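Since the structure is predicted, the reported quantities are computational estimates derived from the model, not experimental observations. Values below: every heavy atom of this structure, side chains too, minus hydrogens, waters and symmetry copies. Here is how names work: the chains are called A, B, and so on, in the same order as the sequence lines, proteins then strands, and each is numbered from 1.
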Amino acid sequence: MSITHESAAITRFAPSPTGSLHLGNARTAFFSYLWARKTGGRFILRIEDTDAERSQLRFRDELMAELRWLGMDWDEGPDVGGPSGPYLQAERGDFYRTQFARLESGGQAYPCYCTAEDLELSRKLQRMAGKPPRYAGTCRNLSSAQRAEREARGLRPTLRFRVPEDEVIEFVDAVHGPQRYVSGDIGDFIVRREDGTSAFFFCNAVDDSLMGVTQVLRGDDHLTNTPRQLLILDALSMRRPAYGHVGLLVGADGAPLSKRHGSTSAQEFRERGFLSVAVLNQLFRLGHASDVDGWLPLAEMPAHFRPEHLGRAPARFDEAQLLHWQKETLERMSNSEVAAWLKANDAPEFIDLVRHNVVLPADAVAWRAVVNGELAPLGEAEQRVVEAAGAGFFAAAVEAYDQAGADLKTLAKTLKERTGRKGPEVFMPLRVALTGQSHGPELAQLLKLMTPQTARRRLESHAKNS
RNA sequence: GCUCCCUUCGUCUAGAGGCCUAGGACACGGCCCUCUCAAGGCCGGUACAUGGGUUCGAAUCCCAUAGGGAGCGCCA
């Protein structure tokens, strides 16, 4: 069996609006998006809001806003419509009811009157006995009289899928290759909750099929769920999409990405000032090997996306690499784009000067203070530079500054003549005194941007008691 | 407990039996450039989880072991 990656793929991203857009989900969404764009297919956004308790409108809006911020657009979705709507599962109840009825009339599903407490207890018992916690089959073969009796007692049933015995379920996973499961390992599972809404296994599989999705791409955590979904689709004689399960995104410690790893949502990275293209360049290479190593604009990513090179092993998210893509992105931006990104109304000369020393907006804040604010206390290394130069050096520097003004070349020249020092021995103490740091943008330009009073005061402060 | 998945430099990855004394990117270290940092150029170190097979030959195939992860939910 060979997997074809080239035909027009209909892919989807189907998040549940119960939280912010996690980096891992953003990556799966992105891969799905790229697959559709690469093959000239379609990308669908479907919101899985069947859990009324946890689903929130706010999260749905946030999810879409973050996706858009990242640069992804979808051909079908709750806000743009499409031929297979509605795209909110909460509004698809009629579709599910139709399919539930088909399952029930075919005997492929049955009402189950066990309560959540019954089931919990049963699972616990099985676990203690060292057995896999599977549905015991209590309601599997209830007679109509028995059902009527339970209904009369006011019990509201769930609908349970009757897993066929001794069936082999096979499929070719787009990233893992051939998979084989036996139905005996799967217990009957709930497809319709007591309140009539659809459970995940069901609506997720049915909608993918109904919406014409040809390629489902999702996290590895769904791999062993796939046979269940295939069973549903087969029972309903619905078309199976192809499935692909990518390795999860994990933190530096190898554990699934979570809050304790710091920022994990797209929103957090956006708020810290990361550029969306930088984030995309990083996601593009996590669990995916492209044919290019360098930075790519979003428009060129689909052509360099290789579905056959999606990774099975979990990928660690390393912020150092994201920082690299951030720099690469910044280097490609014009001064006015950088200025717009910084959102601070900086003078063009300032932007031009410090842009190569700024990776995040927070860095610009520090340089602004250097130009016209208060310097932070000197670090150890800086302290040593000042001490090595000596108070006399700075006294001479003040004098030279009074004559030369903000022209660093003349200032340095004068100082060289008066102190007999040269090169770094002249520039380094000046830099440290003037900026408080041993590194940074061109000193000559920095000096020009400062007010004379500031520059003079900073030099003078080291001329005395150092 | 059962089933399934995963394991190449610190990190992301290339690698589909000989092209691998394992390649690239990021990070790191050194040198050059330079007032410094960044950028750029050059150089460098570090990896096939372990143990058995199969084979003339294994990172690549098979089997065990170890370690990680997922699923077995009226959560998705």
Going by an N to O cut-off under 4.0 Å, is there a salt bridge joining [X] and [Y]?
X: A:Arg272; Y: A:Glu319; answer: yes
X: A:Arg12; Y: A:Asp207; answer: no
X: A:Lys327; Y: A:Glu331; answer: no
X: A:Asp346; Y: A:Arg368; answer: yes

Look at the side chain of [X] and decide which nucleotide, out of [options], has an atom nearest to it.
X: A:Ala313; options: B:rU7, B:rA76, B:rC12; value: B:rU7
X: A:Arg316; options: B:rC74, B:rC6, B:rC12; value: B:rC12
X: A:Gln179; options: B:rC6, B:rG69, B:rC4; value: B:rC4

Item to check | Pairing nucleotide - B:rC20, Watson-Crick or G-U, each distance under 3.5 Å | outcome: none

Establish, with yes or no, whether the OP1 or OP2 oxygen of [N] is under 4.0 angstrom from a side-chain nitrogen or oxygen of [X].
X: A:Arg123; N: B:rC74; answer: yes
X: A:Thr224; N: B:rC5; answer: no
X: A:Arg193; N: B:rC75; answer: yes

Anything under 3.5 Å between a protein N or O and an N or O of nucleotides 14-17 of chain B, put it in a table, one pair a line.
none

Checklist entry - What does A:Arg228 touch in the nucleic acid at a heavy-atom separation under 4.0 angstrom: a base, only the sugar-phosphate, or nothing? => result sugar-phosphate

Checklist entry - Within the structure shown, what part of the strands sits under 4.0 Å from A:Glu194 by heavy-atom distance: base, sugar-phosphate, or nothing? => result base

Next on the checklist: Does any part of the side chain of A:Arg60, heavy atoms only, come nearer than 4.5 Å to the side chain of A:Leu57, both counted from C-beta?
Outcome noted: yes

Checklist entry - When every nucleotide of nucleotides 25-48 of chain B is labelled 5' to 3' by its protein contacts under 4.0 Å (heavy atoms), B for base, S for sugar-phosphate only, - for none, what sequence of letters results? => result SB--------BBBS----------

Next on the checklist: Checking A:Thr226 against A:Arg218 for the side-chain hydrogen bond (donor to acceptor under 3.5 Å, both in side chains) test, could you report, in this order, the C-alpha distance in whole Å, the side-chain angles of both residues, the deciding distance, and whether it holds?
Outcome noted: CA-CA 11 Å; A:Thr226 309; A:Arg218 41 163 41 166; 3.3 Å; yes

Item to check | Where at least one partner belongs to residues 179-193 of chain A, residue pairs that pass side-chain hydrogen bond (donor to acceptor under 3.5 Å, both in side chains), sequence neighbours excluded | outcome: A:Tyr110-A:Asp188, A:Arg140-A:Asp188, A:Arg193-A:Thr197

